[in-house]
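Structure first, then comments.
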Amino acid sequence: MSRVRSLWDRYRSASPVTIALLALVLGLVVGAVIIIATTPAVLNAWRGAFHSWGAPGHALKVTVDNVGAAYRSIFTGSIVDPPQFWHSVTTGRDWTASLTPLSETLTYAIPLVIASIAVGITFQTGLFNIGANGQAILGGVAGVAVATLVHLPTVVHLPLTLLAGIAGGVVGGAIPGLLKAYTGAHEVIVTLMFNYVASYFMLFCLLSTPLQLPNQTNAISRTMPGGTQLAPLFGTASGLRVNYGIVVALAATVFALWLLDRSSIGFEFRVTGANPHAARASGINARRTLVTSFLISGGLAGLAGVTWVAGTTHYIDQNFLQGSAGIGFTAITVALLGRNRPIGIVWGSLLFAALEVGGSNMQANTGIPYDLATVIQSAIVIFVATPVLVKEIFRLRALRAGSVKVATAGWGS
Amino acid sequence: MTALASDTRAKVRQPLGRTQAIGWFVVVVGLFTVFGMGVGTGTAPRSTLTFTPIDVSHGAPWPLGNLTLPTEWTLVLLGAVIIALGAEVLVRCLTKGAMVRVGLMAIVFLLAVLVWASRQPGPSQVPFINLTAILVGSAAITMILIYGSLSGILCERAGVVNIAIEGQFLGGYLVGEMIDSATNNWLLATLGGVVIGALMGWLLAFLAIRYLSDQIIVGVVIVTMFTGLASYFNSWVLTPYPNLNNGNIAANLAIPGLMKIPIIGPTFFDETGYFYLMMVLVGLVSFGLFKTRWGLRVRAVGEHPQAAASVGISVERTRYVNVVLGGAVAGVGGVAFAAIQGQFTPSITSGFGYIALAAMIFGRWRPSGAVAACTLFGVSAYLAYNLQSYQVPISTEILLMFPYLITIAVSAGLVGRVRPPAADGIPYSRE
């Protein structure tokens, strides 16, 4: 009994984890409302709901069925399909089909972890890198260029490909960093615009440079040779796409943990982010901190791009990282969800990757477009960014940890 | 020479003074115009300017003959104008008017590129420059940007950064298109745009004012959310019900008489209602902000909310009203987009909301400045989209980068000389 009481107390005290979980619930509610408001079958059922006695019940059933089917396929598509899994356990066969959902979620989480850490690092410095998408695109393009246009033994080639990706991202991060440091251009505008520039640059590379697949008129690159790909974790024969990118993502996480908690640069980042005036007063070189933060962030974003190509698609085309939001925007939401902390970001990435993978499955099964996943993700982040609102909705007691910090205030500084 | 002391101090801080850098940049562009494009094209090529608009359904303006110019000398002349602008910045050490010169330079340079690209004999498939068509096309983009900038001004003058303009555009675009397709009535569509824009503005205001959230974060997330939502609607509602996306464009309301004036007539007086509404709004916002008591209060709230509160102005209410108003204006901008575009296509606003925001900054949070900046961005965007037809030896993709590159360059070049409202983006709490 006292155990239950203490759990209840912990719930009521609104820790960041509680807030995040409740935000997930609210996000799913928002998604459900949108499904209800836009699905013809549901609307038709409610239209007839007041004509006969049994109709309201029927309408309710149709509603629950539709929303249930959508969310069920998000779950079975991203985590596990219980009957299928049970089938594998009892017969020992079809493990590929049973593990594909998890494998896909991990596959999507790999670049997301890296890109979100990239965004999180700038947030911790009090900067706003909305250009992770562009930087990841540059990373992917640079990686594919090195992988397909240079011939080297695998031992050198794969690391070189990843390094090229990092370098591409660093270039993308250097532009807003240097511009802000030396001209004062606001990084929000510069990074936003740079996303479009990077997209067109990628198209240019895919259409008018040797990067393009020979004898093609479409925007599609050459395929990376086997030696430069991040191999599937369980071998190509397993049919599972999860790959050694997971090692890269773990390395990035460890690097970020070291950087933010153990290194002096990371300390300077956090001091600058917490209080720029105090940072300046204590002798931290604001300009250097700003540029370094953007370089590291860009490099990681580039790594995210190249990891995705090398691990999953092995080539790029005009849809690379485009989508309805793009990995860079999802990364912003994940960074906020994970409170800019590497460990939090890993959990956040897994959740958002699951939503995305599950969203595709939902579209395949029920026809409801996977863009709903983006809407749910954004709703979750809006709730996470306004913990007081969540607190009021669920009548929690005090907020224990502080809310999401104000990262950038207006156009000044 | 009196400013010598401050000048040297500025030089210690920066290896190359900003004004000097801008001045030299302008000069280099001028030199490129003269020697890169002008000299060497030879004496034979001619460039022709025409002035007849493409759409003459409301009657053509009074005819104006074609103007044929020798390409080489025209380019040298235009280049000389640019060099003169740069020299003026350098010699007079213009700190205030430098960016205005850059704007002028951009327009002259774009004209030079056109003259160069359309030369005959030359590679161009279009043997002339239709100046009127260019202005009409640019006016459409400029109009959208101005709606966005006005929305930004309304919000930021009250101290709230509205980075969600892009999302409000999308909202107005989608709702406007659906309502017009269903009812064939642009007035209702506009009303729908006002409502959806105001609602989105209210959402931003609610989170930013009531819960003191980071305005940029909330704004970006709102944009992400509505990008997703618009895509969702497009495939889940508009695809199965194509009659909700029927692609009608709004008819032009030509002003008789005035539209007969060559060049100016088709550009300004043969437009959709949204264009005239935009002009009225520019005047209203300008007058309202700087000449009325309401405007004074709004600006007080944006500059120093504590002081405003101490004389009895409700900071929260002022901010709510302005952000909702700003959202509504951006929503109408979205409907205007539907009115000139016809069809709803999810990704087509491609960052216009953000460019509008940059234009607002470039225009120093003033409607008049924003109009000038939007015109610059609008013309360059239109030319970037249409320069391909002149067979310029630059890839389409590179051309399409131009509006964004210009935005980056502008925001890098003008800083230090613009000052946002002092409390812009800073949450206000009474404690």
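What you are looking at is a predicted structure, and each value in this text was computed from that prediction instead of being measured. First the proteins, then the strands, lettered A, B, ... as listed; each starts at 1.
- Both the backbone and the side chain of B:S235 come within contact range of chain A, with heavy atoms under 4.5 Å apart.
- Summarising the geometry, atom CG belonging to A:L206 is positioned 5.0 Å from atom CD1 belonging to A:I316; distances are rounded to the nearest 0.5 Å.
- Considering OG1 of A:T122 and CZ of A:F128, their distance stands at 8.5 Å, rounded to 0.5 Å.
- Ring-plane geometry between B:W236 and B:Y232 is classed as tilted, the angle between the planes lying from 30 to 60 degrees on a 0 to 90 degree scale.
- Nearest heavy-atom pair, B:L400 versus B:Y385, reported as atom, atom and distance to 0.1 Å: CD2-CD2, 3.1 Å.
- Counting heavy-atom pairs under 4.5 Å between each of B:V237, B:V223, B:L207 and chain A puts B:L207 at the top.
- When each of B:V221, B:I222, B:L399 is checked for heavy-atom pairs under 4.5 Å with chain A, B:V221 comes out on top.
- For A:Q363, no part sits under 4.5 Å from any heavy atom of chain B, backbone or side chain.
- With a 4.5 angstrom heavy-atom cutoff, B:Y241 touches chain A only via side-chain atoms.
- No part of A:A198 comes within reach of chain B, as not one of its non-hydrogen atoms sits under 4.5 angstrom from that chain.
- Contact annotation: the side chain of A:L337 approaches that of A:I380 to within less than 4.5 Å [non-hydrogen atoms, C-beta and beyond].
- Annotation: maximal heavy-atom pairing with chain B below 4.5 Å, among A:T333, A:I368, A:I175, A:L203, occurs at A:I368.
- Using a 4.5 Å cut-off between heavy atoms, A:L372 touches chain B through backbone and side chain atoms alike.
- Counting heavy atoms from C-beta on, the side chains of A:Y200 and B:I398 never come closer than 4.5 Å.
- There is no contact between B:F402 and chain A, counting heavy-atom distances below 4.5 Å.
- Rounded to the nearest 0.5 Å, atoms OG1 (A:T38) and CG (B:L229) are 8.5 Å apart.
- The contact between A:T39 and chain B is made by backbone and side chain atoms together, counting heavy-atom distances below 4.5 Å.
- Inter-residue side-chain proximity for A:I332 and A:F123 is flagged as met; some heavy-atom pair is nearer than 4.5 Å.
- Between chain B and the residues A:I376, A:I34, A:L179, the largest count of heavy-atom pairs under 4.5 Å involves A:I34.
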